[in-house]
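In what follows, a structure is listed as structure tokens, so that the remarks can point back to it.
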Protein chains: 2
Amino acid sequence: MLTDEYRYKILKLVQEKPDISQRELAKALGISLGKTNFCLKALAQVGLLKVSNFRNSKNKLAYMYVLTPTGIEHKAAVTLNFLKLKLKEYEQLAGEIEELRSEINAKVND
Amino acid sequence: MLTDEYRYKILKLVQEKPDISQRELAKALGISLGKTNFCLKALAQVGLLKVSNFRNSKNKLAYMYVLTPTGIEHKAAVTLNFLKLKLKEYEQLAGEIEELRSEINAKVND
DNA sequence: AAACTGCGTTCACGCTTTGAACGCAGAGAG
DNA sequence: CTCTCTGCGTTCAAAGCGTGAACGCAGTTT
């Protein structure tokens, strides 16, 4: 399943290193190869990135995952979205931490 | 699967309200009844809580989930652990947010 | 008595993820 | 040139996990 989290992370990693392999990507994302493959295909299917074969300096067949213009746009949007989400998480965490702290302090009076 | 998160949350909710039902618990935890049942059993199996039937004021059979002494101890430990974990998450989030921010700012220069 | 309510329990189902295995293509060794 | 080796994307059977409808039970209400 392709969540916003992976949408963002994959677009980011691919933009940073277009010649990344699916196995590297999987490791960087902390997910399986199969899922990585699935996500990449999904992103390609909706036109956010393109898979292009090319010959590198040694005439070796290589793969590149390039963000399409739509992909770049989408990445900006999804990044902002992700930031908002993270900020919300952050605030919630701050609250939870405070709660945990007082809980631990309360324990002193048991 | 019984993660530390649910271990903590269940012990907390049960301690606060021992006569809570599995359905209430499920709703509070945001998980299904089946999973809740599974987690409770797992906690009982390792001796952190006990399920006790009793007759309430109206002679109605009722259930209570009571933390064992071990459970209370464990809860303190797991709470602390959870706090540490949350703090780590918090810091990581702060980092990610910063990263996202500069990424968005960098976009201005595209 | 019969219907209803709310409890814990079960488990078939569906969805997701995993990673071993595959075919392919270039690189390197003999 | 041929054989082996490596690393790529791709596949898919198997495993993992959560879900919630359905069940039996017991007390309550009609």
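First the proteins, then the strands, lettered A, B, ... as listed; each starts at 1.
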Residues that [X] engages under salt bridge (charged side-chain N to carboxylate O under 4.0 Å, His left out), provided they are two or more places apart:
X       : answer
A/Glu24 : A/Lys17
B/Glu89 : none
A/Glu91 : none

Could you give all pairs that pass the salt bridge (Lys or Arg N to Asp or Glu O under 4.0 Å) test and reach residues 73-82 of chain B, with sequence neighbours left out?
A/Glu103-B/Lys75

Inter- and intrachain pairs under salt bridge (Lys or Arg N to Asp or Glu O under 4.0 Å), touching residues 25-35 of chain A, at least two apart:
none

Excluding sequence neighbours, so at least two apart, what forms side chain to side chain contact (heavy atoms under 4.5 Å, CB included) with B/Glu16?
B/Lys12, B/Leu13

Are any of A/Asn37's side-chain N or O atoms less than 4.0 Å away from OP1 or OP2 of D/dG9?
no

Is any side-chain nitrogen or oxygen of A/Tyr63 closer than 4.0 Å to OP1 or OP2 of D/dG7?
no

Expected list for residues 14-29 of chain B near DNA chain C, using heavy atoms below 4.0 Å, is B/Ser21, B/Gln22, B/Arg23

Are the side chain of B/Thr68 and the backbone of B/Leu48 linked by a donor-acceptor contact shorter than 3.5 Å?
yes

Table of protein N/O atoms under 3.5 Å from nucleotides 15-19 of chain D N/O atoms:
| unit_1 | atom_1 | unit_2 | atom_2 | d |
| --- | --- | --- | --- | --- |
| D/dG18 | OP1 | B/Lys35 | NZ | 2.9 |
| D/dG18 | OP2 | B/Met1 | N | 2.6 |
| D/dT19 | OP2 | B/Ser32 | N | 2.8 |
| D/dT19 | OP2 | B/Ser32 | OG | 2.9 |

Just to verify, what does A/Phe38 make a ring pair (Phe, Tyr, Trp, His ring centres under 6.0 Å) with, not counting sequence neighbours?
none

